Engineer: 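Below you'll find the structure I mean.
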Amino acid sequence: MDEKILEVKNLRVNFYTYRGVVKALNGVNLDLNKGEILGLAGETGSGKSVTGLSILRLLPQNARVVEGEIFFKGRDLLKISEKEYNLIRGKEINAIFQDPHTYLNPVFTIKEQFKDILLSKKDSLKNSSKIDIKKLDEIMVSALKDVKMPAVDRVLRMYPHELSGGMKQRVMLAIAFSLQPSLIIADEPTTALDVTIQAQVLEIMKELQRKYNTSVILITHDLGVIAETCQKVAIMYAGRIVEYGRVSEVFRNPLHPYTKGLMEALPRADIDVKVKSIPGTVPDLVSPPSGCTFHPRCPYAMEICKRQSPRPSYVKERMVECHLYS
Amino acid sequence: MEHDDILVKVENLKKYFPIYGGILQRVVGYIYAVEDASFYIRKGETLGLVGESGSGKTTVGRILVKLEEPTGGKIFYNSSDITNIKGSELKKYRRKAQIIFQDPYASLNPRMTIKDSIIEVMKVHRLHKGEEYNNALKLMEKVGLSEEHLYRFPHELSGGQRQRAVIARALAVEPEFLILDEPTASLDVSVQAQVLDLLKELQEKYNYTYLLITHNLAVVRYISERTVIMYRGMWVETSPTKELFNKAEHPYTQALLKSVPIPDPEVKKDKFLISGEPPNPTTPVKGCPFADRCPYVMDICKNEMPPVESIGDEHKVRCWLVNKK
């Protein structure tokens, strides 16, 4: 039996901007099992990062969760106090972001900031049997060895600018995995890296994920990265998950017209393909289209699509939100 | 190998950027951005220039539109040497060669409407006198935009529309040669396909010549006939694109191709991961630039520059391994 670790229910998030209310998430439902890597794919503005930030409770000031629940190990993360969440964030749930340069402090050495992070989590580690917070150096060294960092002692004494992009992202991975969290949100972790370096970093991430049986939400626009890294995939469009299922099934047989369109729009490096673009552009979420938000771009749009938003249809572990299947 | 339909030819292009230091701001070293770029492009053809960050591909593009002066090497356009042209000759060349950058928002003046941006270019080159507006309108149709977009400011357009507007402006001077520097890197996949198809269509209709600079191998496979792979400022392999993807000879090209994530979970790849990272660009290369990451490295690779080996008709590679075979 799979152990469910995260359950997002009907999550709605609004951003209040001078242009009006941006409905960034319009009812997101998501399940994640222990030890599973879920890919969250979508284009700019689809809400994939907002979903990640909501789980981390790191939404910007002008954003509000207007509805929904996020259960992590049975507790609703949206109902607990910031103080309680602080015991979870960093220890139980951790994050890796796209640009490691912005997340490492340029004026401290790797050792100083790594130590600070570990010490700030002292309270959440009081009762941990696995990690002895007093052995700071040991934790840091083994975390950096985990990410295959060469010359660990030297790296600890370095400042972030002395490390290359790939090395910095490895430091971020080391920090994220150092306290053996149950869940890691990786938001475009390799987008800023070159392909050969990306392949190295993804390989390390997969290894650590297996070693610690961590659950990972991998947010990316790159379907190739998802195909090679994840077991499950959720395709997002205009603030909703329009299709969800096993990677092998969704990629072989995409059901939602948007998923189909995405796959056909992708030029491939391994075979010759004729790409077909999706006409039109992503909708403005201040005033999203009526009915199904994809209907203005959908080649199969029917009358009902303009009037009514589709309900999710389920086939075993597969979910699709489209009138064609209801 | 000479072809009479060659439009652009680059020979042993070099570019070193000086590093200034000390209180007197003297030159204390160089960034060896481009060590050797050599290639040719035929009329109406697309050449892909591929490399990772720091490979020097963008610098080559900038030298080709003469935004940078090369440290060494020669550029030929229509068989005439344009390496050192200046003044009115340069202006004439700039009408023929245009560059399109990755970020369309940064390429457009935020205070000018698309119409003003396009017409300004025509005025600079004294083109279409009195007919500016009509021609701007025709350009918009060419790139799949409509009249209303002429009156918009860049921030009122989506990413894809903005890139189309930039393409329209580049076409305003009726160029022959377009340098596309990561033209779709900032766009979403669904929009990327639109822009790639537009570029293909324009080429078929008007016989433009493209130099496509990118790190995206899938894009290269999709639109370029021939490809040059660069590593640390040096070309390492060049070949017709099809052949390159089917039988790459240089270990770096092989590693690059195997590192690209394929959006098909059923494709099982034999992983060929290379460790390490590209060498520091401030130390000049001795021997093969890929030597310290190459799994097949030999002693000679570290000390001597590999010679150019011809494999097929237009397939050339620079590797000791191929030489020794």
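Reminder, nothing fancy here: chain letters follow the sequence lines and each chain counts from 1. Just so we're clear, the structure is a prediction, and the values are computed from it rather than from any experiment.
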Engineer: B/Q192 versus chain A, heavy atoms under 4.5 Å apart: side chain, backbone, both or neither?
Structural biologist: side chain

Engineer: Check A/E43 against B/V189 and note the closest heavy-atom contact, atom names and distance.
Structural biologist: OE2-N, 3.8 Å

Engineer: Between A/K274 and B/D197, is any pair of side-chain heavy atoms under 4.5 Å apart?
Structural biologist: yes

Engineer: Given a strict heavy-atom distance threshold of 4.5 Å, which part of A/T281 is in contact with chain B: side chain, backbone, both, or neither?
Structural biologist: side chain

Engineer: So which part of B/I223 gets closer than 4.5 Å to some heavy atom of chain A, the side chain, the backbone, both or neither?
Structural biologist: neither

Engineer: What pair of heavy atoms forms the shortest contact from A/Q200 to B/G276, and how long is it?
Structural biologist: NE2-O, 3.1 Å

Engineer: Might you confirm whether atom OH of A/Y300 has over 12 heavy atoms from other residues, nucleotides or ligands at distances under 6.0 Å?
Structural biologist: no

Engineer: Please classify the contact between A/P150 and chain B as side chain, backbone, both or neither, with a heavy-atom cut-off of under 4.5 Å.
Structural biologist: neither

Engineer: Quick check for you: among B/V260, B/I262, B/L217, B/V267, which has the greatest number of heavy-atom pairs under 4.5 Å with chain A?
Structural biologist: B/I262

Engineer: Rounded to the nearest 0.5 Å, what's the gap from NZ on B/K258 to OG1 on A/T196? Could you check?
Structural biologist: 14.5 Å

Engineer: Any side-chain heavy atom of A/S277 within less than 4.5 Å of one from B/V191?
Structural biologist: no

Engineer: Which of residues 248-271 of chain A get closer than 4.5 angstrom to chain B, counting heavy atoms alone?
Structural biologist: A/S248, A/F251, A/R252, A/L262, A/A265, A/L266, A/P267, A/R268, A/A269, A/D270, A/I271

Engineer: Verify the neighbour count for atom CZ of B/F17: are there more than 12 heavy atoms of other residues, nucleotides or ligands below 6.0 Å?
Structural biologist: yes

Engineer: Ignoring hydrogens and angles, tell me if any N or O in the side chain of A/D194 forms a donor-acceptor pair with the backbone of B/S53 under 3.5 Å.
Structural biologist: yes

Engineer: Out of curiosity, B/S275 OG to A/I197 CD1, how far, rounded to the nearest 0.5 Å?
Structural biologist: 9.5 Å

Engineer: Between A/Q198 and chain B, with a heavy-atom cut-off of 4.5 Å, which part of the residue counts as in contact: side chain, backbone, both or neither?
Structural biologist: side chain

Engineer: Most heavy-atom pairs under 4.5 angstrom with chain A, which of B/G160, B/G159, B/A193, B/P263?
Structural biologist: B/P263

Engineer: Regarding B/K242 and A/D272, does a basic nitrogen lie under 4.0 Å from an acidic carboxylate oxygen?
Structural biologist: yes

Engineer: Does atom NZ (B/K200) have a neighbourhood of more than 12 heavy atoms from anything else shown, all under 6.0 Å?
Structural biologist: yes

Engineer: Which pair of non-hydrogen atoms, one from B/E52 and one from A/V195, has the smallest distance, and what is that distance?
Structural biologist: OE2-N, 3.5 Å

Engineer: Minimum heavy-atom separation for A/V275 and B/Y222, please, with both atom names.
Structural biologist: CG2-OH, 3.1 Å

Engineer: Nearest heavy-atom pair of B/S190 and A/I278: which atoms, and what distance?
Structural biologist: CB-CD1, 3.7 Å

